[in-house]
Enquirer: 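Sharing a structure here in structure tokens format.
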Amino acid sequence: METRAIPLRARRNSAVIVHAIPGHFATQHSHVTYCIDITKVKSDLKLAKAAARLFAEKFCNTPVDTIITLERMKMVGAFLANELSHAGINLNNDMGVISPEVTNDKLILRDNLLPYVKNKSVLVLCATATTGLTAKGAVDGIRYYGGEPVGLATVFGGDFQLDGIPVVRLMSAEDLSDYASFAQAECPLCKRGEKIDALVNSYGYSKIVR
């Protein structure tokens, strides 16, 4: 399956690269025509730093007290906090980077993490946001716990709006002309009898053995 992978590069820095694998994939919220493999951005030092720098360029004039990282993006989040604290409106400011629980798209803050969100300006960082459901759940959770969501940063994102909150995508579904996302019950690939290639979540993908 990996031999079909297509390199996808950030427009503002071609060194930031992910791999898009065409096929039929099932995610938590939908069926999609590409698996977006972001493992290296999450895991490799140089790529994580480069991605953080791109996000920081867009949020350098946004006040940020805390970065909430989803989908194992904490290394990128730490570098992003460092970049933001060295320039712009957040110069020399301290900043929290937390990874709270998410269950059924609902953000759960334990008491020890609540001070990082309540009465704070919070930036959400995630790996992919195609339907926007997980991102919206994070934003709703921040508001529920008394924080102010100030933006969403995602490596790969679909075409959705987020209640007037700025959304920064390093790469988007528009970069893949035949990228499509379908509700499971409405998936035309399923209706044509095309088998699922793999199950996909934030940990990665697991191929379906036939």
Side-chain angles (χ1 to χ4, degrees), residues 10 12-13 15-18 36-129 132-157 162-163 165-171 201-204:
R12 291 183 287 123
N13 183 350
V16 178
I17 184 172
V18 303
I36 309 300
D37 184 4
I38 302 182
T39 305
K40 287 187 174 295
V41 173
K42 296 179 182 181
S43 309
D44 290 7
L45 179 71
K46 289 183 179 179
L47 271 178
K49 276 187 174 181
R53 198 167 294 118
L54 292 180
F55 287 131
E57 289 172 0
K58 294 296 186 178
F59 288 108
C60 63
N61 292 313
T62 300
V64 177
D65 299 309
T66 298
I67 298 172
I68 284 182
T69 64
L70 307 177
E71 304 173 329
R72 275 149 291 284
M73 287 285 285
K74 197 160 189 177
M75 182 160 72
V76 179
F79 286 133
L80 175 55
N82 184 64
E83 289 285 338
L84 289 174
S85 69
H86 279 81
I89 199 170
N90 298 292
L91 182 64
N92 296 325
N93 286 349
D94 196 8
M95 202 171 297
V97 181
I98 64 172
S99 298
E101 299 161 69
V102 178
T103 302
N104 296 325
D105 294 325
K106 295 188 183 302
L107 198 71
I108 300 173
L109 279 182
R110 303 294 178 177
D111 292 354
N112 54 307
L113 292 182
L114 184 59
Y116 288 96
V117 172
K118 188 174 183 180
N119 299 321
K120 303 292 186 182
S121 298
V122 184
L123 175 64
V124 179
L125 172 66
C126 61
T128 62
L133 291 176
T134 298
K136 187 178 186 306
V139 165
D140 290 345
I142 291 165
R143 288 173 172 156
Y144 174 81
Y145 288 107
E148 180 187 0
V150 296
L152 171 76
T154 182
V155 179
F156 181 88
L162 201 58
D163 300 330
I165 295 168
V167 178
V168 172
R169 308 165 177 86
L170 300 189
M171 305 154 206
N201 64 17
S202 61
Y203 289 95

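For clarity, every value in this text was computed on a predicted model and none was experimentally measured. Along the sequence shown, residues are numbered consecutively beginning with 1. Keep in mind that the numbers below use all heavy atoms, side chains included, and drop hydrogens, waters and symmetry copies.
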Enquirer: Of all the heavy-atom pairs spanning Ala51 and Leu170, show the shortest one and how long it is.
Expert: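 Taking every non-hydrogen atom into account, CB-CD1, 4.0 Å.
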Enquirer: Distance-only check: which donor-acceptor pairs under 3.5 Å involve side-chain atoms of residues 98-108, not counting sequence neighbours?
Expert:
from: Ser99; atom 1: OG; to: Thr69; atom 2: OG1; distance (Å): 2.5
from: Glu101; atom 1: OE1; to: Arg110; atom 2: NH2; distance (Å): 3.1
from: Glu101; atom 1: OE2; to: Arg110; atom 2: NE; distance (Å): 2.7
from: Glu101; atom 1: OE2; to: Arg110; atom 2: NH2; distance (Å): 3.4
from: Asp105; atom 1: OD1; to: His29; atom 2: NE2; distance (Å): 3.0
from: Asp105; atom 1: OD1; to: Thr134; atom 2: OG1; distance (Å): 3.2
from: Asp105; atom 1: OD2; to: His29; atom 2: NE2; distance (Å): 2.6

Enquirer: Do you know which two heavy atoms are closest between Val76 and Ala48, and how far apart they sit?
Expert: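 What the structure gives for the nearest pair is CG2-CB, 3.8 Å.
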Enquirer: Of all the heavy-atom pairs spanning Tyr203 and Asn201, show the shortest one and how long it is.
Expert: N-OD1, 2.8 Å
Enquirer: Between atom CG of Asp65 and atom CG of Asn93, what is the distance when rounded to the nearest 0.5 Å?
Expert: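 CG of Asn93 is found 7.5 Å from CG of Asp65.
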Enquirer: Is Lys74 close to Val97 at the side-chain level, that is, under 4.5 Å between some pair of heavy atoms?
Expert: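 Touching, per the 4.5 Å side-chain cut-off.
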Enquirer: Using every non-hydrogen atom in the two residues, find where Val155 and Phe55 come nearest and quote the distance to one decimal.
Expert: N-CZ, 3.8 Å
Enquirer: Holding to side chain to side chain donor-acceptor pair (under 3.5 Å), I want the full list of residues that pass it with Asp37, two or more places apart in sequence or in another chain.
Expert: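 For Asp37 the side chain to side chain donor-acceptor pair (under 3.5 Å) partners, ignoring immediate neighbours, are Thr39.
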Enquirer: Considering residues at least two apart in sequence or located in another chain, which fulfil the side chain to side chain contact (heavy atoms under 4.5 Å, CB included) criterion with Ala127?
Expert: Ile38, Lys42, Glu71, Met73
Enquirer: Quick one: does any side-chain atom of Tyr145 pair with a main-chain N or O of Leu114 as donor and acceptor, under 3.5 Å?
Expert: no
Enquirer: Quick one: side chain to side chain contact (heavy atoms under 4.5 Å, CB included) partners of Asn13, sequence neighbours excluded?
Expert: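 With sequence neighbours excluded, Asn13 shows a side chain to side chain contact (heavy atoms under 4.5 Å, CB included) to Ala15, Val16, Ala50, Leu54, given in chain and number order.
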Enquirer: Quick one: list whatever passes side chain to side chain contact (heavy atoms under 4.5 Å, CB included) with Val150, sequence neighbours left out.
Expert: Thr62, Val64, Ser121, Leu123, Glu148
Enquirer: Between Val122, Ile68, Leu162, which is the residue that forms a side chain to side chain contact (heavy atoms under 4.5 Å, CB included) with Val139?
Expert: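 Between Val139 and the candidates, side chain to side chain contact (heavy atoms under 4.5 Å, CB included) is satisfied uniquely by Leu162.
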Enquirer: Any donor-acceptor pair under 3.5 Å linking the side chain of Ser85 with the backbone of Asn82?
Expert: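 It does hold such a pair.
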Enquirer: Considering non-hydrogen atoms only, spot the tightest contact between Lys120 and Pro115 and give its length.
Expert: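 Shortest heavy-atom separation between Lys120 and Pro115 comes out as CE-O, 3.3 Å.
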Enquirer: In Å, rounded to the nearest 0.5 Å, how long is the span from OG1 of Thr154 to CE of Met171?
Expert: 10.0 Å
Enquirer: With side chains defined as the heavy atoms from C-beta onward, is the minimum distance between Phe59 and Leu84 less than 4.5 Å?
Expert: yes
Enquirer: Which residues pass the side chain to side chain contact (heavy atoms under 4.5 Å, CB included) test with Leu45, sequence neighbours left out?
Expert: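 Here the qualifying residues are Lys49, Phe79.
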Enquirer: Please give me the minimum heavy-atom distance between Cys126 and Ala129, naming the atom from each residue.
Expert: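 Heavy-atom minimum between the residues: SG-CB, 4.0 Å.
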